[in-house]
Amino acid sequence: MKDKFIPFSRPTINEEEINEVVDSLVSGWITTGPKVSRLEKLFSERFGVKDSLAVSSGTAAWHILAHCLDIGPGDEVILPSITWPSMANVIELLGATPVFADVDKNTVLMEPSEVERLMNFKTKAILPVHYAGAVADIDAYKSIIGNRQIAIVEDAAHAIGSQYKGFEVGSHSDAVIFSFHPTKTMTTGEGGLLVCKDTNIMNRARSLSLNGVGKSAWERLSQSSASYELKEPGYKYNMLDMQAALGIHQLKKLDLFIELRTQLAERYQMLLSEITAIKSIGLVDYYIKHSWHIYVIKLDLNVLNMSRKTYIDKLKSQNIGVGVHFEATHMLEYYRKKYRYTTEDLPNAVELGSSLISLPLYPSLTFEEQDRIVNAIRAISE
Ligand SMILES: Cc1ncc(COP(=O)(O)O)c(C=O)c1O
């Protein structure tokens, strides 16, 4: 008989989350309302910021922010190739140009020297990814940008709870987006959060997340006047109370989640260190607190003498699920064809894009399950 399937990801949802969602369902108010406001307040308190905006996804948070930064035709945004494609798609759909940057071979974070190489008078923003829970070197990007009018937007989809030089990501960031997709360190089912130092941007973003009318249905129907005004057309990107119900309790447990993830990540580091055909991705040499959103290994495909797909299939045949974070986005069909990239461009991203896999890592993963994963990796790799 086969061992039970170990999924790549498993959200930790307990009674508190379930009861809070049920409370929303029976309350008669399930869309954006008091629970979303409560979640936003909890985040603002945690980050020590004036305001935070909960929305329907991390991608939505970036879309709204990019709109507020007036990113459009003629503009360029620099982002690492090793990222989720939706981030490049937003740039493309706004009529601007995503300019893909190479990443560090060890850490998979966007190389600061790439910003220097790719930056020009059209560059409107850079969008570094805090990959796997490690934080990209924001100060290094800042010193390259100098006093040019280029926004730094931190993609912290992997980095809720991470710290950079003693400060939590979100607390000192100019602009940052988070994701609460079910695979993320904390989840709201689907969801995202935007935090930006510029109050005008936050106000505009809030209005844009609600079609541009600036008031949620809760505010219109329960709190203030039912009438509304439209300053500019916006999006329908609001978070629901049913989602915030999850988030309120997930956020309370975030530090515990990270502690449990860290324990498992350190155990992976130890158990995998002697398998020569694979390598855990490297750690940065400046001070951060890693939140261990995912645990990523790099396959030495030459030594293994097989493709990543075969490797993943072999794990699957042992009932173990893994993830890919990420393919090299510049080599995905649309971007490769449109911008005429070849395998010579961004060599680290090309190599990592075909050799990284992410192992199961979540609070409910048991040491026994982890041992099974490590044993399977050892057997396939040796
Ligand atoms: C690095 C990164 N950025 C952005 C996103 C987009 O987040 P969402 O799925 O909430 O839109 C993801 C989600 O997978 C991600 O991993």
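Computed over heavy atoms, backbone and side chain alike; hydrogens, waters and symmetry mates excluded. Numbering of ligands and ligand atoms starts at 1, following listing order.
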What residues form a ring-ring contact (aromatic ring centres under 6.0 Å, His included) with H172, not counting sequence neighbours?
-> F167

Is there side-chain contact between [X] and [Y], with heavy atoms separated by less than 4.5 Å?
X: L272; Y: L359; result: yes
X: F178; Y: F43; result: no
X: L254; Y: Q250; result: no

If you look only at pairs with a residue in residues 288-321, which of them pass as a ring pair (Phe, Tyr, Trp, His ring centres under 6.0 Å), with sequence neighbours excluded?
-> H158-H293, Y268-Y295, H290-W292, W292-Y295

Residues in side chain to side chain donor-acceptor pair (under 3.5 Å) with K41, at least two apart?
-> E45

Find all protein N or O atoms under 3.5 angstrom from an N or O atom of ligand 1 and list the pairs with distances, or write 'none'.
unit_1   : atom_1 : unit_2 : atom_2 : d
ligand 1 : 3 (N)  : D155   : OD1    : 3.2
ligand 1 : 3 (N)  : D155   : OD2    : 2.7
ligand 1 : 7 (O)  : S179   : OG     : 3.4
ligand 1 : 10 (O) : G58    : N      : 2.8
ligand 1 : 10 (O) : S179   : OG     : 2.7
ligand 1 : 11 (O) : G58    : N      : 3.3
ligand 1 : 11 (O) : T59    : N      : 2.8
ligand 1 : 11 (O) : T59    : OG1    : 2.5
ligand 1 : 14 (O) : K184   : NZ     : 2.9
ligand 1 : 16 (O) : H158   : NE2    : 3.0

